[in-house]
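Keep in mind the model is a prediction, meaning the values are calculated, not measured.
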Amino acid sequence: MLTIKHILSFSILLLLTTSMMAQKNTRKYDDLWKKVDVLINEKGLPKSALAEVDKIYALAKKEKEEAQFIKALLYRIDLGVVETDDAVISSINSLEKEIGQAGEPVRSILASITAEYYWNYFQMNRWKLYNRTATTGLKKEDIATWGIADFHQRISELYLLSLKEDKLLKQTALAPFDPIIAKGNSRRLRPTLFDLLAHRALAYFKNDERDLTRPAYAFKIDQEDAFAPAAGFVRLSFPATDSISLQRKALLLYQQLIAFHLEDKDPEALIDIDIERLGFVRQTAVTAGKEDLYYAAVKKIAEDYRQNAAADRAWYLMARWHTDKAAGYDPLQDTANRYAYLTAHKICEQVISRNDSSEGALSCYNLLREIEQQQLSHITEKVNIPGKPFRVLVNYRNCFQVHARIVPVNEALRNTLESVDEKEYWKKLTALKPLRQWAQPLPDTRDYQRHSAEIKIDALPVGSYALLLGGKEDFSMEGSPLSVQFFYVSNIGYVNDRNEYFALHRETGKPLVNATVQVWKTTYDYKLRRTVIKKAEKLVTDNKGYFKLKDSSNRSGNIRLEIDHGNDHLFMNESAYLYYRAASTDERNAEQYEKDNRRAFLFTDRSIYRP
């Protein structure tokens, strides 16, 4: 007679024996797959690999190793596919055939995989399907003749078929199917085969396929209850007025998943799917005030599961909601959300203080860094008046004191800076000896927003300069923003119409008489692989400050002007454009050209045309 002790001993022995056999079997298949991988990846012999896969396929089918069978089937398809439509269609037909012959749960898995094959084929051939009309009364065995609606119908059918045996799938763990599952960090959130297949189906049903013809009564998510707490959401009814609506199918699937996990002892999977559901409804709903409804729903999850690390994700989404609001702040138009970053910052700090390693806590840490990030840029006039102070507009965020340097620059330095990478660029700039250096306080707004302020730069003599701003006194690049603006100090200015110029005093507007103008032409040097400048003509302004560029090369192109007048000098690092007029007109003088091309227009039909 068997005692309880004997029964327990026998059960333990049976479990150990089964486990050892499973491990032995797994090792056997691992060795077989290693041989296949060597043939594919190292030797580049797909045909030989296919022969080995055929052996694994037959063995797995004989031994009823479901995961190995599916893996071998997919390898057979992939190795046999040439990148043509016919080959892909052949693969789909093979999968359809296997679905009809397979038992559960293999049938459900193959249905999901086949749906994905159809969806990928549709996406690759979308351009062919745009203008294809639907056919009726035909046997649609050849998917090459299908229209858009045909594809969506079959894909939907297959994803729904993959979940038809939901009772069995909910009792099926994922471990036996490890050989065909890409492992990630979400296994605990997808504990059963039903969870895995349902989320695969959701990835399709959530997409907003606008190519699909929609009826006048198309389904819309317009119920506020779509944001209801999980227990209330699963009891909602979504009328089936639109049978082809992907959004409705997604909602129904969310209901199934949430209902399945509603009574879980560990609510982590429930929290995950419910948060995903709220994000989907937020994105697709047409309900008035949906942003506030979304926030309230996420907040309830965060507060209801406050002690569970999985709820950190809900806290993060609340903080992200506030940062999105804060990003809409405009000091001149909309100041309603100026301090929204403060709320987000506080939420993130509270989550991080709990010292857990959840995904939500990591997201909060990254968001906190984003909120606290320092930003700095500045703008000044390209040319400023010598001997007079001028203003610089500083745009800043989270920088309440900046350090400033003014350094002289020359053409050689500019050319060097253009040929180095970003790190070397800043290294060379910050190593320059400053002409002037100081610390500049900025208004501390305490709102983490981007602001602007004007600062004064004391008078400078004629020259070319760079104004550097940095968050640290030593202008180091580590953890601190840097900004540079190149500018000139000169009284020289000019205006032009195409190739005709007037050199003028920048402040008074008086003509600069007898100013020398050196023209430089920019060309690309293919040996140096960069743009270089070469001297061209040298001109002198007349008593009106006038000068005209001569075209000695009979070509249009970019030029730079170097102008000297007395002790003043201006040579800006920006190009003008040299215009070339065809010989049929350019050979004549300007007066003759204007005379020959003069035309008069009289507008008498409407008063709007009168001068």
Side-chain angles (χ1 to χ4, degrees), residues 189 202 206 208 219-238 247-248 250-264 267-329 334-354 356 358-364 366-368 370-371 447-448:
L189 305 177
L202 274 173
K206 288 194 300 182
D208 187 12
F219 176 79
K220 295 179 182 178
I221 303 176
D222 55 6
Q223 300 172 248
E224 290 188 6
D225 288 343
F227 290 98
F233 172 75
V234 296
R235 294 194 297 269
L236 291 178
S237 174
F238 298 102
Q247 291 183 2
R248 180 175 178 274
L251 285 176
L252 296 178
L253 193 45
Y254 276 122
Q255 285 184 315
Q256 283 185 269
L257 278 166
I258 291 171
F260 176 43
H261 291 290
L262 204 54
E263 303 300 329
D264 287 357
E268 191 171 5
L270 173 63
I271 293 170
D272 176 74
I273 189 61
D274 203 23
I275 287 175
E276 185 181 321
R277 180 261 303 191
L278 292 173
F280 169 71
V281 175
R282 179 194 189 189
Q283 181 181 1
T284 55
V286 294
T287 311
K290 66 177 183 179
E291 284 299 309
D292 292 333
L293 290 168
Y294 167 79
Y295 183 81
V298 171
K299 184 178 181 181
K300 180 168 177 54
I301 293 175
E303 292 177 342
D304 286 351
Y305 299 98
R306 185 182 296 272
Q307 303 304 319
N308 194 304
D312 289 350
R313 187 177 164 206
W315 289 109
Y316 161 73
L317 290 173
M318 290 169 60
R320 173 56 71 182
W321 187 89
H322 285 290
T323 60
D324 291 342
K325 293 291 185 182
Y329 165 72
D334 184 1
T335 61
N337 295 294
R338 175 177 176 178
Y339 297 100
Y341 279 127
L342 292 173
T343 306
H345 192 277
K346 183 178 180 180
I347 292 172
C348 289
E349 282 188 321
Q350 289 175 345
V351 172
I352 294 170
S353 67
R354 292 199 283 268
D356 61 50
S358 68
E359 179 186 340
L362 178 60
S363 297
C364 281
N366 291 330
L367 183 57
L368 198 65
E370 179 184 321
I371 294 170
D447 55 14
Y448 300 105

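With sequence neighbours excluded, no residue forms a side chain to side chain donor-acceptor pair (under 3.5 Å) with D222. Legend: residues meeting ring pair (Phe, Tyr, Trp, His ring centres under 6.0 Å) with F260, ordered by chain and number and at least two apart, are F194. Residues that satisfy the side chain to side chain donor-acceptor pair (under 3.5 Å) test with R248, not counting sequence neighbours, are absent from this structure. Partners of A309 according to the side chain to side chain contact (heavy atoms under 4.5 Å, CB included) rule, which considers only residues two or more places apart in sequence or in another chain, are D312, D356, S358. With sequence neighbours excluded, the residues that form a ring pair (Phe, Tyr, Trp, His ring centres under 6.0 Å) with Y295 are W321, H322. Under the salt bridge (Lys or Arg N to Asp or Glu O under 4.0 Å) criterion, K290 pairs with no residue, sequence neighbours left out. With sequence neighbours left out, the salt bridge (Lys or Arg N to Asp or Glu O under 4.0 Å) criterion links E303 to no other residue. A302 is linked by a side chain to side chain contact (heavy atoms under 4.5 Å, CB included) to A314, W315, M318, counting only residues two or more places apart in sequence or in another chain. Annotation: salt bridge (Lys or Arg N to Asp or Glu O under 4.0 Å) contacts of E370 (sequence neighbours excluded): R320. Not counting sequence neighbours, the partners of D272 by the salt bridge (Lys or Arg N to Asp or Glu O under 4.0 Å) test are R190, R313. Residues passing the side chain to side chain donor-acceptor pair (under 3.5 Å) test with D292: none are found, sequence neighbours excluded.
With rounding to the nearest 0.5 angstrom, the CG atom of L368 is 4.0 Å from the NE2 atom of H345. Here the OG-CD1 distance, from S363 to I352, works out to 10.0 Å after rounding to the nearest 0.5 Å. We find the CD-CZ distance between Q307 and R354 to be 8.0 Å, quoted to the nearest 0.5 Å. To the nearest 0.5 angstrom, I347 atom CD1 is 11.5 Å from L342 atom CG. Note that OH of Y339 and OH of Y329 are 7.5 Å apart. Values are rounded to the nearest 0.5 Å. Atom NZ of K325 and atom CG of N337 lie 6.5 Å apart (nearest 0.5 Å).
Heavy-atom minimum distance, G360 versus Y316: O-CB, 3.9 Å. Closest approach of C348 and A319 over heavy atoms only: SG-CB, 3.7 Å. The minimum heavy-atom distance linking A230 with L270 is given by the pair CB-CD1, 4.4 Å. The minimum heavy-atom distance linking D225 with F233 is given by the pair O-CD1, 4.4 Å. Counting all heavy atoms, side chain and backbone alike, V234 lies closest to A259 at CG1-N, 3.7 Å.
Here the side chain of E224 pairs no donor or acceptor atom with the backbone of T287 at under 3.5 angstrom. A donor-acceptor pair under 3.5 Å is absent between the side-chain atoms of E268 and the main chain of L189, judged by distance alone.
With contacts defined as side-chain heavy-atom distances shorter than 4.5 Å, the pair L202/I273 qualifies. A heavy-atom distance below 4.5 Å is not found between the side chains of D447 and Y341.
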Review item, side-chain donor-acceptor pairs of residues 275-286, under 3.5 Å, at least two apart:
unit_1, atom_1, unit_2, atom_2, d
E276, OE2, K206, NZ, 3.2
E276, OE2, Y254, OH, 3.0
R277, NE, D274, OD1, 3.0
R277, NH1, A226, O, 2.7
R277, NH1, A228, O, 3.0
R277, NH2, A228, O, 2.8
R277, NH2, D274, OD1, 2.5
R282, NE, E291, OE1, 3.3
R282, NE, E291, OE2, 3.1
R282, NH2, E291, OE1, 2.8
T284, OG1, F280, O, 2.8

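Between F238 and F219, the angle of the ring planes goes over 60°, which puts this pair in the perpendicular group of the 30/60° scheme.
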